[in-house]
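I have placed the structure first, in the form of C-alpha cells, so that the comments after it can refer back to it.
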Amino acid sequence: MVSRHHLIAWQRNPDAEVVAIADPNKESAERRAAEFGIPRAYQDAAGLLRAEQLDAFDIAAPMDVHGRLVDLAADRGIATLCQKPLAPTLVE
C-alpha cells in the first residue's frame, strides 16, 4: 500500500523518473506500473537490480525484507531510500 504514496511523490519531482518496479506478486507489480506509467515490472527486486541501471532504489516493502533489499542495492553501490524501520531488531 505504501508504494502508491512513494510513487505519487516521485511523480511530483521533475528530476526523478521511475523506470521499474518490483513486487513478488507479478500481477500487482504490473498493475502498479500501469497505474503510474512505469515501463518495466519485475517479480523480484534482485532481478530488477540486475537488469536496470539505477541512480537510486526506493524500498517500500514489508519490514522483514528491508535489510536484504538494502544489502542488494548496497552491493551494487546504489543510493537507497528505505521505508522505516530498517530491521526488526537493533542487532539486525
Side-chain angles (χ1 to χ4, degrees):
M1 286 177 41
V2 74
S3 70
R4 184 172 192 286
H5 301 289
H6 285 233
L7 291 168
I8 289 169
W10 286 120
Q11 278 187 328
R12 291 179 180 164
N13 183 337
D15 297 323
E17 177 186 4
V18 178
V19 297
I21 190 168
D23 189 306
N25 180 326
K26 181 73 184 241
E27 291 175 357
S28 292
E30 290 169 347
R31 273 194 310 273
R32 188 68 84 202
E35 178 183 359
F36 285 91
I38 300 168
R40 290 173 295 286
Y42 294 84
Q43 191 165 0
D44 70 285
L48 182 154
L49 289 167
R50 280 191 302 274
E52 300 290 336
Q53 300 247 336
L54 304 175
D55 296 320
F57 184 59
D58 183 0
I59 300 169
M63 181 187 59
D64 61 317
V65 298
H66 285 180
R68 182 177 64 83
L69 295 175
V70 168
D71 285 344
L72 286 172
D75 287 346
R76 290 165 177 76
I78 300 169
T80 302
L81 171 68
C82 184
Q83 179 70 20
K84 65 181 191 266
L86 177 61
T89 68
L90 182 59
V91 172
E92 288 179 64

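Being a predicted model, the structure only gives us computed values, none of them experimental. Numbers here simply count residues along the sequence, with the first being 1.
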### Query
Is there any side chain to side chain donor-acceptor pair (under 3.5 Å) pair reaching into residues 69-80, and which pairs are they, with sequence neighbours excluded?
none
## Note on the structure
When every non-hydrogen atom of Ala41 is compared with those of Ala33, the smallest separation belongs to CB-CB, 4.2 Å
### Query
Which heavy atom in Tyr42 sits nearest to a heavy atom in Ala51, and how many Å separate them?
OH-CB, 3.3 Å
## Note on the structure
Between the CG atom in Leu69 and the CG atom in Asp58, the distance rounded to the nearest 0.5 Å is 11.0 Å
### Query
Can you find a pair of side-chain heavy atoms, one from Leu54 and one from Leu48, that are under 4.5 Å apart?
yes
### Summary
Heavy atoms of Pro85 and Met63 approach each other most closely as CG-SD, 3.1 Å
#### Entry: Sub-4.5 Å side-chain heavy-atom contact between Asp23 and Arg32
no
### Query
If you group Ile, Leu, Val, Met, Phe, Trp and Tyr by side-chain heavy-atom gaps below 4.5 Å, do Phe57 and Val19 land in one group?
yes
#### Entry: Student check: side-chain heavy atoms of Trp10 and Ile38 closer than 4.5 Å
no
### Task
Indicate if Leu72 and Val65 have the same hydrophobic cluster label, given that clusters are the connected sets of ILVMFWY residues with side-chain heavy-atom separations under 4.5 angstrom.
yes
### Query
Roughly how far, to the nearest 0.5 Å, is CD of Gln43 from CD of Glu27?
9.5 Å
### Query
Below 4.5 Å, heavy atoms only, C-beta onward: do Phe36 and Ile8 meet side chain to side chain?
yes
### Query
Should we say atom CD of Glu92 is surrounded by more than 12 heavy atoms from elsewhere, each under 6.0 Å from it?
yes
### Query
When you measure from the side chain of His66 to the backbone N and O of Lys84, does any donor-acceptor pair fall under 3.5 Å?
no
### Query
Going from CD1 on Ile21 to CZ on Arg31, what distance comes out if it is rounded to the nearest 0.5 angstrom?
11.0 Å
### Task
Identify the two heavy atoms, one from Arg50 and one from Asp44, that lie closest to each other, and give their separation to 0.1 Å.
NH2-OD2, 4.4 Å
